[in-house]
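A note on names: the letters A, B, ... follow the listed sequences, proteins ahead of strands, and every chain is numbered from 1.
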Amino acid sequence: MKWSKWIVVALRSIARNRLRSLLTMLGIIIGVGSVIALVALGEGSQADITGNIAAMGTNLIIVVPESTESHGVRGGAGTSSSLSLADVEVLRKEAKAVRYVSAEVRLSEQVVAGNSNWNTTVQGVDKDFLLIRNYQLAKGGFFGEREVSAKSKVAVLGQTVAKELFADQDPIGQRIRVRKTPFQVIGVLAEKGQSSMGNDQDDIILIPSTTALYRLSDGKTVRSLLASAVSAEKISEAKEQITAELRKAHRLRDGEKDDFDLRDQSEMNSMASQVTGTMTLLLSAIAGVSLLVGGIGIMNIMLVSVTERTREIGIRLAVGARGGDILCQFLIEAVVLCLCGGLIGILSGLGIAFSLGQIMGISVSVNPLMIVVSVGFTLAVGVFFGFYPARKAANLNPIEALRHE
Amino acid sequence: MQPIQLKNICKTFRLGDTKVKALDGVCLDIEPGDFMAVIGASGSGKSTLMNVIGCLDQADSGSYLLEGRPVCELQKHQLADIRNQRIGFVFQGFNLLPRTTALENVMLPLLYYRGELPAAEQRQRATKALQQVGLADRMHHEPNQLSGGQQQRVAIARALVNDPAIILADEPTGNLDSRTTLDVLALFQELNDQGITIVLVTHETDVAEHTRRVIEMQDGKIQRDFKVANRRLALKY
């Protein structure tokens, strides 16, 4: 007998019992829906985090000083002041796999402009900092080599600082004071938003590294060097060159420990994806359990339906249905129910994912494989949990089935 | 057409430790075109006889020839095919599928027909069967929109649709009032006059008086087998 015929029979039977069919599907709808929604949100936030890390800079390598050690007492990472502005020059000239280098001198300062003041991070950097860290200028310009070597008192404001200090006024050309030193605002950065760690990347003032180091600081503490490799593939090569050049510049003998430490984004990436991967796995496991429960729900209702429809099965057997026909009918009914539930589940899961993503500000990434897998899974659930009730129906004795009240 | 022949049919049911002989050496020939009533007290074996003739059940011993085929030797699925193509059932409780139109109910046996039967022809056959029972105008009604008598006529149309060798009716008037009983009996007589073989199980003697032949069952045996002398004609109201 033709399959199409059975599908029609199954569809009619489902349509005849709309409420029961809907309730049966509910388990599958919730199961599939939650799988799709959770995985879409999980993968979306994973993509968000990777995107954020990438936004920190292009092929970024961070050089930090090694911890201090004196008489066996060790400070934390970056406590020694082994890095200097000279290192920037060395790397710029010698490290071929490095495109841009910038020193980073970080100070936390109270900044005053007219009547308003604001505490923010004042960062002394070099001319290529914007390119390394993927900042854009919204207004004005940035300082160049000349301003850096002249220790010019110029500043570029982040969006947050610009708003806090100048509100609606145009900050360009205005004066601000950092620790009694007056600076002229020459530019404003475009908004960058929060970093993956949650801090405001716009709450920042950029000034030349030399100015920061010699006018505002002790002239020694370069917090870190930022370097940008020429390409993603060249990151490890760049790291080797940086290590070699810095060892040479710091006059370290063979066997002596590096007095600096290198970090790049791949480490951050792998750490972040490990965390979100665990999350996604956990969420999928929860969703998988709800799918299983949905499947058992289908079996439950199908079993009840066999009992409830015993007389119908009797009639069908009496007019000449073979056991196999009844088996097919019930099996296809279960599969069709599961598939319909699966489709509704996918649609509602996507709907939930997109609306939750909107509300919580997470991006949503739909993996087509996930949809294929969940459709396949609901099919399997339909066959697996439909088979037992279907066989039970097929093996009914027609006489007893007809007598069933 | 060949007659239906039952020889020495025995059927025993086990109820706990006791064995009940539902059929005890039944021999019966049913000629094509006959209209036979099976009467008897409950437990006399008339329902079991019906089930055996209707291929719903198989005898323990004896032989049963339906149009020359030895039914006792057939497999379960072959019995299903015989029920599908050669036998029409009419039940006391109508046994129509709920929430399904009369037409679709009548088409149900055709759904399980193993040959090629285009949808258009299925529909045509079902429509013809409904016309035969006088329900052409109720084709698209569902059972709960039909009266008892009408539902039973839909059931009769369903029994007719496969052009069966025999129609088996188990207490077909048991759930009907006297007026619709006569309606249904008139329909049976009409169909019988067209040459359709009918076996009707009843415990009401005045229903049996509308048939041509009566057999009376007792303790799994045929007690009496006689022609109805003055057949009553049921006139349609």
Can you list the steps and then say if Leu97(B) with Arg309(A) is a side chain to side chain contact (heavy atoms under 4.5 Å, CB included)? CA-CA 10 Å; Leu97(B) 293 187; Arg309(A) 288 157 70 190; over 6 Å; no

Answer with side chain, backbone, both or neither: which region of Asn95(B) has an atom nearer than 4.5 Å to a non-hydrogen atom of chain A?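 Looking at Asn95(B), backbone and side chain both touch chain A.
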
So what's closer than 4.5 Å to chain A heavy atoms on Pro164(B): side chain, backbone, both or neither?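 Looking at Pro164(B), nothing touches chain A.
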
Give the C-alpha distance, both sets of side-chain angles, the deciding distance and a yes or no for side chain to side chain donor-acceptor pair (under 3.5 Å) between Arg99(B) and Asn17(A). CA-CA 9 Å; Arg99(B) 280 160 287 175; Asn17(A) 300 291; 3.0 Å; yes

Does [X] [atom1] have over 12 foreign heavy atoms under 6.0 Å away?
| X | atom1 | value |
| --- | --- | --- |
| Gln358(A) | CD | no |
| Arg123(B) | CZ | no |
| Arg20(A) | CZ | yes |
| Phe384(A) | CZ | no |

May I have the step-by-step check of side chain to side chain donor-acceptor pair (under 3.5 Å) for Arg316(A) and Tyr112(B), ending in yes or no? CA-CA 9 Å; Arg316(A) 289 180 187 272; Tyr112(B) 298 104; 2.9 Å; yes

Roughly how far, to the nearest 0.5 Å, is [atom2] of [Y] from [atom1] of [X]?
| X | Y | atom1 | atom2 | answer |
| --- | --- | --- | --- | --- |
| Asn395(A) | Lys76(B) | CG | NZ | 6.0 Å |
| Asn397(A) | Asp57(B) | CG | CG | 7.0 Å |
| Phe91(B) | Ile315(A) | CZ | CD1 | 7.5 Å |
| Leu111(B) | Gln329(A) | CG | CD | 8.0 Å |

With a 4.5 Å limit on heavy-atom distance, are the side chains of Glu312(A) and Leu96(B) in contact? no

Is there a side-chain contact between Glu104(B) and Arg12(A), using heavy atoms and a 4.5 Å cut-off?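 Heavy-atom side-chain distance check passes, below 4.5 Å.
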
Test log, rule side chain to side chain contact (heavy atoms under 4.5 Å, CB included), inputs Asn84(B) and Arg322(A): CA-CA 9 Å; Asn84(B) 183 235; Arg322(A) 294 179 183 180; over 6 Å; no

Please classify the contact between Arg311(A) and chain B as side chain, backbone, both or neither, with a heavy-atom cut-off of under 4.5 Å. side chain

Please report the C-alpha distance between Arg158(B) and Val319(A) in whole Å, then the side-chain angles of each, then the deciding distance to 0.1 Å, and finally whether the side chain to side chain contact (heavy atoms under 4.5 Å, CB included) criterion is met. CA-CA 9 Å; Arg158(B) 184 178 64 193; Val319(A) 300; 4.1 Å; yes

Which of the residues Gly323(A), Gly324(A), Ala15(A), Gly320(A) is involved in the greatest number of heavy-atom pairs with chain B at under 4.5 angstrom?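 Option with the top pair count is Gly320(A).
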
If every non-hydrogen atom of Ala318(A) is compared with every non-hydrogen atom of Leu56(B), which pair is closest and at what distance?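 Where Ala318(A) meets Leu56(B) most closely, the heavy atoms are CA-CD2, 4.1 Å.
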
How close do Ala321(A) and Ala80(B) get, heavy atom to heavy atom, and via which atoms?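 Nearest pair, atom of Ala321(A) first, then Ala80(B): O-CB, 3.7 Å.
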
